[in-house]
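Structure record follows, encoded as structure tokens.
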There are 2 protein chains.
Amino acid sequence: MTIPDVARHAGVGQATAARVLGGYGSASAATRERVLAAAAELGYSTNAVARSMISGRTDTLGVVVADVENAYFARAVRGIADVAAKAGLQAILANSDEDSEKEKAAVQLFIERRVDGLVVAPAATDDAHLARAVAAGIPVVLLDRVVTGAALDTVVVDNRGAVKAAVTRFTEAGHTRIAVITSAMPGDDGTRLAPGADIWTTTERVAGYRQALRAAGIPRSAELIRHTGYERAWARSAVLELMTSPNRPTALFTTDNVATLGTLDALLDLDARIPDDVSVIGFDDAEWTTLIRPRLSVVSQPVQELGGLAADILVRRINGAAARPRRHTLNTTYIARESTGPVPARARRLRAPTSSS
Amino acid sequence: MTIPDVARHAGVGQATAARVLGGYGSASAATRERVLAAAAELGYSTNAVARSMISGRTDTLGVVVADVENAYFARAVRGIADVAAKAGLQAILANSDEDSEKEKAAVQLFIERRVDGLVVAPAATDDAHLARAVAAGIPVVLLDRVVTGAALDTVVVDNRGAVKAAVTRFTEAGHTRIAVITSAMPGDDGTRLAPGADIWTTTERVAGYRQALRAAGIPRSAELIRHTGYERAWARSAVLELMTSPNRPTALFTTDNVATLGTLDALLDLDARIPDDVSVIGFDDAEWTTLIRPRLSVVSQPVQELGGLAADILVRRINGAAARPRRHTLNTTYIARESTGPVPARARRLRAPTSSS
DNA sequence: GGCAGAATTGATAACGTTACCAACGCGGTC
DNA sequence: GACCGCGTTGGTAACGTTATCAATTCTGCC
């Protein structure tokens, strides 16, 4: 059922029917009614593809995140979708799994789809593919991560400052052996980032950790920085090893949800008492952080707002706003709960679980 | 940059250039190379909108869920997106918030977009909008919930059987006062579903609970069935009230993640010991269920597979499979952990927290 | 060398909408 | 009564691709 069909059935010209059904131009009340009646009778429904063909807009937003299953991205996507929907846009989703090739392929597909805008949580460190989108007239907003050198709107939190402040709470309580557990692909030596896996967010958070130590005059120690990879079990075994090694840390900072889960798995397996044996602070508040005892102290970030702001900027750009792209930094909050305490007087012996698991 | 541009630049006819760039028909190696070179030089990128216009396919899938932020739907969406991507399709996302009007609007939009297929976790109990999609040639697969009377492929788990089996573990352990906590909008009396909010999944799970009680010869008791609404805090206060009332239950079954969280909040606030004071089984395994002590026993469902299967069926239908629509029921697993035990000898006094929270 | 058949090529018609422009009818004004 | 202007109307081009089909070139074989 097309506009010519409806026009014929209503006994008006195509252009007239098109104006009524498309909601543009003018038409008398009488004809409008007649066209609408004919459309209803024939079960006409607009073909958005044909509309996009000529209008040049698709009313869609491309969204590239690492993984929607991850609670962080799920919340961000929700924020994006809500703001987009309010502006009459829908979101097309793509998961990159932190693989920059997948990201590039997704962006290319979105360009071909002629999406009106693009939100990307970049895994890639170069921006050639994003520049191509911009060159094609598609505004791009970066989410969660900065790509250095890219002239793009970016929505992030002050990761470095947030972590520095959190770790400083450890140093002020007297902790000197403070470890950081982070999910990023481990390199050959198990402590460095693999090439291409240097996610900005992680880098910044580890930098914040380093700054806090430096400010407190604590020498850095490589074995206290653990890049474990994006698997809860890997974080667990890293912490298991760390906490049973001589001269173990008295405080742990985890930079993301997966690392936090694995770390707590390990601590539970070791029967470590928090915060008596070890203090813990995590990044990102999750629904379960108040469900465990002691409750977990965390750095919380406004994830949904982050997504909403990204979509908002995009909508503005789509509507023609031409301001110079800039970085938008939202505030994090430190939520003090019960997982931090003073340095233990002496290290209680922890033993790894005998039953393998 | 369009095909005519490339053709001109390469010195070939439009149709030839189109064949090379579109990857169909035949072309000699020499011309192919020439066209590709011209395309690269001009920075040509296919216009998928124009392609859809004539091919009739958009290579997109519409997905309507209640809320991506919900871990269940996030996992399902991931499953859908993965299978779809493998078939060259992308997913467009819409959140219904369990509002059937929003759902209908989203479906209408998807029809206009000419998506190739539709996955819906229906909040609505009628299927007129879905029938319209099917009439428009768009295959529809229902996810997580059955719409009675709708002749549509449906991917679900055996909710009733799963809950019956789980609750039967309570009755076999001697429990007779077993409550069920469920997130669904409460009606006026606080125990019944509001009109339009009778989500199939919830109905089935409560039915399974009833069957288990009947099989054990336990009379039903209205105050032990709590519909709390989709807010963790509401579930918490319902359980707070329930557990401080005379003749309180000795076992709790929670039918969804939100209800489980609120229930555990309440139990923690009451200093109730699990399973000494009260046994608990939840529906749906979450990442934190092994992080609390005691570990939570749950009914686990293969969420990602559910989504994947839905997408798989859709892909098959898009490719012309004409089998009669049927219901696909996947298996749940009961994971026995530490939150269940025998009936307590006598009810230890529980008191509501004095500090409001 | 000629011919059948296959491979390659190009012109042109769709797809269904919006954009553009000319034509029409009606009322008010000089 | 003629004229101007405005609201309404309809014809037609355009968007950029794929599909169709006829024309052309190439290949192998008798």
Side-chain angles (χ1 to χ4, degrees), chain A residues 1-36 38-39 42-60 88 108-116 136-138, chain B residues 1-36 38-39 42-60 88 108-116 136-138:
Chain A
M1 283 304 137
T2 69
I3 284 185
D5 294 325
V6 175
R8 219 179 348 264
H9 197 257
V12 301
Q14 289 189 25
T16 304
R19 271 193 298 269
V20 172
L21 296 171
Y24 60 95
S26 68
S28 70
T31 45
R32 170 170 295 114
E33 203 172 330
R34 207 136 49 90
V35 171
L36 255 24
L42 268 58
Y44 169 84
S45 109
T46 304
N47 184 330
V49 177
R51 169 175 303 175
S52 296
M53 179 85 222
I54 115 100
S55 72
R57 295 178 306 103
T58 52
D59 298 317
T60 50
Q108 178 58 32
L109 226 51
F110 283 139
I111 293 175
E112 295 180 0
R113 286 247 145 92
R114 301 292 192 261
V115 295
D116 293 338
I138 302 174
Chain B
M1 285 304 137
T2 68
I3 284 184
D5 294 324
V6 175
R8 217 176 353 261
H9 196 257
V12 299
Q14 288 190 25
T16 304
R19 271 192 297 268
V20 172
L21 296 170
Y24 60 95
S26 67
S28 70
T31 45
R32 170 170 296 116
E33 204 173 328
R34 206 134 50 89
V35 170
L36 256 23
L42 268 59
Y44 169 84
S45 109
T46 305
N47 184 329
V49 177
R51 185 201 303 260
S52 294
M53 179 85 222
I54 117 98
S55 72
R57 294 177 308 103
T58 52
D59 299 318
T60 52
Q108 178 58 34
L109 225 53
F110 282 139
I111 293 175
E112 295 179 0
R113 286 245 146 95
R114 302 292 190 261
V115 295
D116 293 338
I138 302 174

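Naming: A, B, ... by sequence-line order, numbering from 1 per chain.
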Is the shortest heavy-atom distance from the side chain of D59(A) to the side chain of R113(B) under 4.5 Å? yes
Which atoms form the tightest heavy-atom contact between G25(A) and R19(A), and what is the distance? CA-CD, 3.7 Å
Separation between CG (L42(B)) and NE2 (H9(B)), nearest 0.5 Å, reads 5.0 Å
According to a strict under-4.0 Å criterion, is S55(A) in side-chain N/O contact with OP1 or OP2 of dT18(C)? no
Nearest heavy-atom approach of D5(B) to R8(B) is OD1-NH2, 2.8 Å
Give the minimum heavy-atom separation between N47(A) and V49(A), together with the two atoms involved. OD1-N, 2.9 Å
Given atom CD of Q14(A) and atom C1' of dT18(C), what is their separation to the nearest angstrom? 12 Å
Considering only heavy atoms from C-beta outward, does the side chain of S45(B) approach that of R114(A) to under 4.5 Å? yes
What is the distance, to the nearest angstrom, from the CD1 atom on I3(B) to the P atom on dG10(C)? 14 Å
5' to 3' contact window, DNA chain D with chain A (heavy-atom distance under 4.0 Å): dT8(D) to dG16(D)
Closest heavy-atom pair and its distance - D116(A), T58(A): OD1-N, 3.1 Å
Gap between atoms CZ and C1', on R19(A) and dC21(C) respectively (whole Å): 11 Å
Applying a 4.0 Å non-hydrogen cut-off, can you work out what V49(B) is touching in the nucleic acid: base, sugar-phosphate, or nothing? nothing
Neighbours of DNA chain C within residues 26-33 of chain B, by heavy-atom distance under 4.0 Å: S26(B), A27(B), S28(B), T31(B)
Looking only at heavy atoms, which two atoms of A39(B) and V6(B) are closest? And how far apart? N-CG1, 3.9 Å
In the structure I gave you, are the side-chain heavy atoms of V20(A) and L36(A) within less than 4.5 Å of one another anywhere? yes
What's the angle between the local helix axes at either end of the helix from dG1(C)-dC30(D) to dC30(C)-dG1(D), using five pairs per end and rounding to 10 degrees? 50°
When you measure from the side-chain N and O atoms of Y24(A) to the phosphate of dA19(C), is any distance below 4.0 Å, counting only OP1 and OP2? no
Flag the pair T60(B) / F110(B) as yes when at least one side-chain heavy-atom distance between them is below 4.5 Å, and no otherwise. no
If you look at every heavy atom in A17(A) and A7(A), which pair is closest and at what distance? CB-CB, 3.7 Å
